[in-house]
Student: 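Quick one: the structure is below, questions incoming.
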Amino acid sequence: VVRGEIPTLMHDHILGSIGGYGETANSGYLGSVMLEVPVNSFALRGELSRRRSFNVQTPVGKLDNSYSDNFNYSFGTSYISDHFMIGGSFRRFELDYGVPGGFIGAHPKGVDINMFRRQFNLKSEFHFHSSFISDVRINYSRVLYRHKEFEASGAIGSEFKVATDLGHVNVEHDKVGFLQRGIFGVSFEHRDFDIGGFVFTSPTKSLNLSTYLYETVSAGKFSFEIGARYNFDSIDPERKEIDDRIGEIKKRTFNTYSLSISALYELSSKVYAGINVNKSSRVPTIEELFSRGPHLAAYSYEIGNPALEDERGIGTELFVYHKFKNLFWNFNIFRNDLSYYIIPRNTGETNFQTFLPIYQTFGVAALLYGAEFQLDWDITNRVRVSTSVSYTRGNFKGSDKSLPQIPPLKGKLEVNHNFSDILFGLNSEWAAAQRNVDDFEESTPGYIIYNWYAQYSISTGMLIHNFSLNIDNILDTKYRNHLSRVKSIMPEAGRNFRFTYKLFFNL
């Protein structure tokens, strides 16, 4: 998630890694290299990776046209001193992949997707070493994303191009009065959305301006975190018209805000309890407002709703955690009462030009609640047990009718043993059956799969060699992901062997 492609720390030596893996479920392989080099007060960093896979093998056979081919590289540099740093980077990401077909709800001969993303980043940090203003951080990015969906004949079924400019200025402070530390700042995002092929969504431009703050306060055994955010959004379609299917397409503006407060109480030096209450909001996206056309990669014909309001609601979370020397566990329960919740729903209708199911965006009142539990226990110096369980229930407010796309009760259990330089582990992933479903949404049975891994590391001077062997889905279990729109068509991958080697060097 945090790539570090713009270096922010200066090293006095060359850092790098080289790695790769091969796996059997899709005959796939990956190779990658990363290098960071200091030159006086400059840091130079580059990375390169290539991943290729072929048709996926599932417990019920091979899934045709499920290949992928990915090429990814970046380079960045920064000037670093005691008082400031400034740097930039460039990244290009290319991906070609296949979408299986030949069944109801898909293109007869499948679809090939071609996409790329090009991103420029600028980043600067200024260190003032005072309590009132400790640091100022300024970021700016320019992103171009393009996505093409090709039919078997070579014709383009749909095409998306999105150019985005975004940035923010954050001012951070240390202890000031009763405030321990905090951030306040402003941000912007401008998005130019264009579309082609057999899709009738209007090209649209959107602008977001926001200001926000986050503060922490301590009082005895209590600690508080307070956050607030105000947003202005303008979404302006190029074609303003009345569409007989989705309604009036026109410029929309939104003024929204979000608030949050968390309180943590120290029951003892190792046991804490807390509560979080928040008022959240989210503006509908261009796609949720104005879509009208096939999205072949998602097996759906998508219809927007230009009358959508902003998503909003009140969320509450209660939690307690224990943090001992060899044992950590955390339990929390949550409840989100949303007076307006934006969701795509399967309408039960089919677009007979494409034979795709029609998904339309709706704004509804909704209630979501659930619980999560996590435990990490070092039984001995060599044996560790980890487990987690999560449960979510989502209903249309005022009824027992289920929301779409709600995950089932699910969890993980892992045991590993560290034997000298070799680490062995066995883990399981499981899910209960999900029968609480929306109209025209399929239920899924429960499952449990087992995975095994081993890792070995050896140091030789300035080099660290890391070898790992993974066996995923050991029993070749047939199982389906409830959150997938194509779960009835595609089971998840079958048994997979993956061998990975990585070399880390510090010269």
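Residue numbers count from 1 along this sequence.
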Student: Got a donor-acceptor contact below 3.5 angstrom from the Asn346 side chain to the Gly348 backbone?
Tutor: yes
Student: Hey, are Ser281 and Ser258 close enough side-chain-wise for a donor-acceptor pair under 3.5 Å?
Tutor: yes
Student: Of all the heavy-atom pairs spanning Phe396 and Pro404, show the shortest one and how long it is.
Tutor: CZ-CD, 4.4 Å
Student: Listing request: all salt bridge (charged side-chain N to carboxylate O under 4.0 Å, His left out) pairs with a residue in residues 321-335, at least two apart in sequence or in separate chains.
Tutor: Arg335-Asp337
Student: Evaluate whether atom NZ of Lys401 has more than 12 neighbouring non-hydrogen atoms of other residues, nucleotides or ligands under 6.0 angstrom away.
Tutor: yes
Student: Please report the C-alpha distance between Phe75 and Thr77 in whole Å, then the side-chain angles of each, then the deciding distance to 0.1 Å, and finally whether the side-chain contact (heavy atoms from CB on, under 4.5 Å) criterion is met.
Tutor: CA-CA 7 Å; Phe75 52 86; Thr77 183; over 6 Å; no
Student: Locate the shortest heavy-atom distance separating Ile342 from Glu311; write the atom from each residue and the value.
Tutor: N-OE1, 2.8 Å
Student: If we count only N and O atoms by modelled type, under 3.5 Å, do the side chains of Arg51 and Tyr21 hold a donor and an acceptor together?
Tutor: yes
Student: Any side-chain heavy-atom pair from Lys478 and Pro445 closer than 4.5 angstrom?
Tutor: no
Student: Donor-acceptor pair, Arg480 side chain versus Thr444 backbone, under 3.5 Å?
Tutor: no
Student: Side chains of Ser262 and Asn276: any donor to acceptor distance under 3.5 Å?
Tutor: yes
Student: Kindly indicate, with the supporting measurements, whether the criterion side-chain contact (heavy atoms from CB on, under 4.5 Å) is fulfilled by Asn473 and Tyr479.
Tutor: CA-CA 10 Å; Asn473 195 0; Tyr479 71 103; 3.8 Å; yes
Student: Do Lys221 and Glu266 pass the salt bridge (Lys or Arg N to Asp or Glu O under 4.0 Å) test, and can you show the C-alpha distance, the side-chain angles, and the key distance before you say yes or no?
Tutor: CA-CA 5 Å; Lys221 293 188 175 184; Glu266 182 182 343; over 6 Å; no
Student: Spell out, as yes or no, whether a donor-acceptor pair under 3.5 Å connects the side chain of Ser268 to the backbone of Lys270.
Tutor: yes
Student: For the backbone of Phe71 and the side chain of Arg50, can you confirm whether one donor and one acceptor N or O come within less than 3.5 Å of each other?
Tutor: no
Student: Are Phe120 and Phe90 close enough, and set up right, to give a ring pair (Phe, Tyr, Trp, His ring centres under 6.0 Å), and what steps lead you there?
Tutor: CA-CA 5 Å; Phe120 297 91; Phe90 170 81; 4.9 Å; yes
Student: Where is the tightest heavy-atom contact between Ala43 and Pro7, given as atom of each residue plus distance?
Tutor: CB-CB, 3.7 Å
Student: Under 3.5 Å, which donor-acceptor pairs do the side chains of residues 8-18 form with other protein atoms, sequence neighbours left out?
Tutor:
from	atom 1	to	atom 2	distance (Å)
His13	NE2	Asn506	OD1	3.3

Student: Does Thr24 use its side chain to pair, donor to acceptor, with the backbone of Ser27 at less than 3.5 Å?
Tutor: no
Student: Would you call Glu429 and Lys412 a salt bridge, using N to O less than 4.0 angstrom?
Tutor: no
Student: Is there a donor in the side chain of Ser402 and an acceptor in the side chain of Arg393, or the other way round, less than 3.5 Å apart?
Tutor: yes
Student: Dump the intermediate steps for salt bridge (Lys or Arg N to Asp or Glu O under 4.0 Å) on Glu189 and Arg191, then the final yes or no.
Tutor: CA-CA 7 Å; Glu189 177 176 319; Arg191 193 167 180 241; 5.0 Å; no
Student: Can you classify the ring geometry of Phe319 versus Tyr321 as parallel (below 30°), tilted (30 to 60°) or perpendicular (above 60°)?
Tutor: parallel
Student: Taking all non-hydrogen atoms of both residues into account, name the closest pair between Asn466 and Ser457 and its distance.
Tutor: ND2-OG, 2.8 Å
Student: So does Trp452 have more than 12 non-hydrogen atoms from other groups sitting under 6.0 Å from CH2?
Tutor: yes
Student: Less than 4.0 angstrom from a charged side-chain N to a carboxylate O is my criterion; do Glu414 and Arg384 meet it?
Tutor: no
Student: Of all heavy-atom pairs between Glu441 and Leu403, which one has the smallest distance, and what is that distance?
Tutor: OE1-O, 4.1 Å
Student: Is it the case that Asp376 and Ser386 place a side-chain donor and acceptor less than 3.5 Å from each other?
Tutor: yes
Student: State the OG-CZ distance between Ser390 and Phe334, to the nearest 0.5 angstrom.
Tutor: 8.0 Å
Student: Is a side-chain N or O of Thr58 found less than 3.5 angstrom from the main chain of Val60, in a donor-acceptor match?
Tutor: yes
Student: Within the 4.5 Å heavy-atom criterion, are Val33 and Leu48 side-chain neighbours or not?
Tutor: yes
Student: Please name the pair of heavy atoms, one in Thr347 and one in Phe440, separated by the smallest distance, quoted to 0.1 Å.
Tutor: O-CE1, 3.4 Å
Student: Using modelled atom types only, decide if a donor and an acceptor are shared between the side chain of Ser300 and the backbone of Glu302 within a distance under 3.5 Å.
Tutor: no
Student: When the side chains of residues 140-148 are checked against the rest of the protein, which donor-acceptor pairs come out under 3.5 Å, sequence neighbours left out?
Tutor:
from	atom 1	to	atom 2	distance (Å)
Tyr140	OH	Asp165	OD1	2.5
Ser141	OG	Asn121	OD1	2.6
Arg142	NH1	Asp165	OD1	3.4
Arg142	NH1	Asp165	OD2	2.6
Tyr145	OH	His147	ND1	3.0
Arg146	NE	Glu159	OE2	2.9
Arg146	NH2	Glu159	OE2	2.4
His147	NE2	Glu149	OE2	2.9

Student: Hydrogens and angles aside, do Glu5 and Ser89 bring a side-chain donor and acceptor to less than 3.5 Å of each other?
Tutor: yes
Student: Would you say the side-chain atoms of Asn55 pair up with the backbone N or O of Asn65, donor to acceptor, closer than 3.5 Å?
Tutor: yes
Student: Tell me if the aromatic rings of Phe497 and Phe499 count as close, with their centers under 6.0 Å from one another.
Tutor: no
Student: Would you check if there is a donor-acceptor pair between the side chains of Asn170 and Tyr212 at a distance under 3.5 Å?
Tutor: yes
Student: Mind running side-chain contact (heavy atoms from CB on, under 4.5 Å) on Trp377 and Thr387 for me, showing each step along the way?
Tutor: CA-CA 9 Å; Trp377 182 18; Thr387 188; over 6 Å; no
Student: Report yes or no: does Asp476 contribute a side-chain atom to a donor-acceptor pair with the main-chain N or O of Arg495 at less than 3.5 Å?
Tutor: yes
Student: How about Tyr265 and Phe222: are their ring centroids closer than 6.0 Å?
Tutor: yes
Student: Could you check whether any side-chain heavy atom of Val39 comes within less than 4.5 Å of a side-chain heavy atom of Leu44, counting everything from C-beta outward?
Tutor: yes
Student: Could you tell me the separation between the CD1 atom of Ile303 and the CZ atom of Arg345, rounded to the nearest 0.5 Å?
Tutor: 14.0 Å
Student: Can you tell me how far OH of Tyr29 sits from OG of Ser53, rounded to the nearest 0.5 angstrom?
Tutor: 9.5 Å
Student: Hydrogens and angles aside, do Asn481 and Tyr447 bring a side-chain donor and acceptor to less than 3.5 Å of each other?
Tutor: no
Student: Decide side-chain contact (heavy atoms from CB on, under 4.5 Å) for Leu463 and Leu503; before the verdict, give the C-alpha distance in whole Å, the side-chain angles of both, and the deciding distance to 0.1 Å.
Tutor: CA-CA 7 Å; Leu463 307 177; Leu503 169 68; 3.9 Å; yes
Student: Hey, does the side chain of Asn70 reach the backbone of Glu94 with a donor-acceptor pair shorter than 3.5 angstrom?
Tutor: yes
Student: Find the distance between CD1 (Ile80) and CZ (Phe42) and round it off to the nearest 0.5 Å.
Tutor: 10.0 Å
Student: Please work out which of the three classes, parallel, tilted or perpendicular, describes the rings of Phe467 and Tyr456, given edges at 30° and 60°.
Tutor: parallel
Student: For a 4.5 angstrom cut-off between non-hydrogen side-chain atoms, does Phe424 reach Asn416?
Tutor: no
Student: Rounded at 0.5 Å granularity, tell me how far OH in Tyr73 sits from CD in Glu47.
Tutor: 12.5 Å
Student: Rounded to the nearest 0.5 Å, how far apart are OG of Ser468 and CG of Leu423?
Tutor: 10.5 Å
